[in-house]
Amino acid sequence: MSPVPEDPPARRFYLDTSAYLCMLLGEEGSDRLAADMAGAELLSSVLLVLETGRTLVRLTREGHLSPSEYQACFQRLEQDQDDLVLRDLTLDLCTSNVLPAVATPRSLDLAHLRTALWFHATEPLSGFVTLDSAQAEAARELGLPVSAR
């Protein structure tokens with residue numbers, strides 16, 4: 001009797017807001033990001049929703065998005081919330097003393113890092129996906145598998 005082959009480990013990626021916005025707005029490299037994460041479980045903090053909504057408003061006010069583009073992006077954000085596994089920003093994440101050894105991330109970046117660490121402790125991440133080089137360095141310092149672009 002031959003052994004039953006094991007299923008490959010699930011691919012799980014934590015998206016920070018910079019990576020999500022890249023894909024949402026169709027920026028350079030978005031096709032590759034989407035292809036790399038196709039079929040994977042996508043995780044993030046509820047902060048992604050807050051930060052994305054704020055950025056869409058800012059881009060529209062500055063004239064970089066038309067009202068119809070804003071509406072389309074906002075609808076996609078709402079739809080994507082059904083496909084993303086989002087963790088609430090909770091007191092335990094805020095009171096954690098986990099900080100990178102060298103980098104001093106901005107508050108919301110730190111919340112993303114701590115949320116990613118929480119997911120990673122539950123089941124290892126395949127990658128922490130960010131377009132922010134400072135965020136990528138802080139994630140590396142914390143031992144997260146970084147998929148910086």
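These figures come from a predicted structure and were not determined experimentally.
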Which residues satisfy the side chain to side chain contact (heavy atoms under 4.5 Å, CB included) test with L99, sequence neighbours excluded? L110, R114
Taking every non-hydrogen atom, the tightest pair across V146 and A136: CG2-O, 3.6 Å
Residue pairs passing the ring pair (Phe, Tyr, Trp, His ring centres under 6.0 Å) test with at least one member in residues 85-122, sequence neighbours excluded, are Y14-H112
Does CD belonging to E28 count more than 12 external heavy atoms closer than 6.0 Å? no
Quick check: does any side chain N or O of E41 sit under 3.5 Å from a backbone N or O of V85, one acting as donor and the other as acceptor? no
Which atom pair, heavy atoms only, marks the closest approach of A138 to P105? CB-CG, 4.2 Å
I'd like to know whether CZ of R54 has more than 12 heavy-atom contacts from other residues, nucleotides or ligands below 6.0 angstrom. no
All heavy atoms of C73 vs all of L24, minimum pair found to be O-CD1, 3.8 Å
Working note: D83 + L42, criterion side-chain contact (heavy atoms from CB on, under 4.5 Å); need CA distance, chi angles, decisive distance, verdict. CA-CA 7 Å; D83 297 327; L42 302 179; over 6 Å; no
Rounded to the nearest 0.5 Å, how far does OG of S147 lie from CG of D16? 11.0 Å
From S45 atom OG to L113 atom CG, the distance as rounded to the nearest 0.5 Å: 11.0 Å
Any L15 side-chain heavy atom under 4.5 Å of M37 side chain: yes
Do you know which two heavy atoms are closest between Q81 and L86, and how far apart they sit? CG-CD1, 4.3 Å
Side chains of Y20 and L77: closer than 4.5 Å at any heavy-atom pair? yes
Test item: E69 and T60 side chains (from C-beta on) under 4.5 Å apart, heavy atoms: no
Check L48, L131, V129, T55 against S18 for a side-chain contact (heavy atoms from CB on, under 4.5 Å) and give me the one that passes. L131
Close side-chain approach of L25 and L65, heavy atoms under 4.5 Å: yes
Value rounded to 0.5 Å, distance of OG1 in T52 from CD in E78: 12.0 Å
Determine the minimum heavy-atom distance between L43 and R12, stating which atoms define it. CD1-NH2, 3.5 Å
Looking at R106, I want to see if its CZ is surrounded by more than 12 non-hydrogen atoms of other residues, nucleotides or ligands under 6.0 Å. no
What ring pair (Phe, Tyr, Trp, His ring centres under 6.0 Å) pairs are there with at least one residue in residues 43-71, not counting sequence neighbours? Y70-F74
Of the options T17, L21, L56, which is the one that meets E51 in a side-chain contact (heavy atoms from CB on, under 4.5 Å)? T17
Under the 3.5 angstrom rule, does the side chain of S96 hit a backbone N or O of L93 as a donor-acceptor pair? no
Return the minimal non-hydrogen interatomic distance between R11 and S126, and the atom names on each side. CA-OG, 3.3 Å
Going by an N to O cut-off under 4.0 Å, is there a salt bridge joining R140 and E137? yes
Indicate yes or no: at least one non-hydrogen side-chain atom of T115 is less than 4.5 angstrom from one of S44. no
Would you check if there is a donor-acceptor pair between the side chains of T90 and D92 at a distance under 3.5 Å? yes
Could you tell me the separation between the CZ atom of F128 and the CG atom of L142, rounded to the nearest 0.5 Å? 9.0 Å
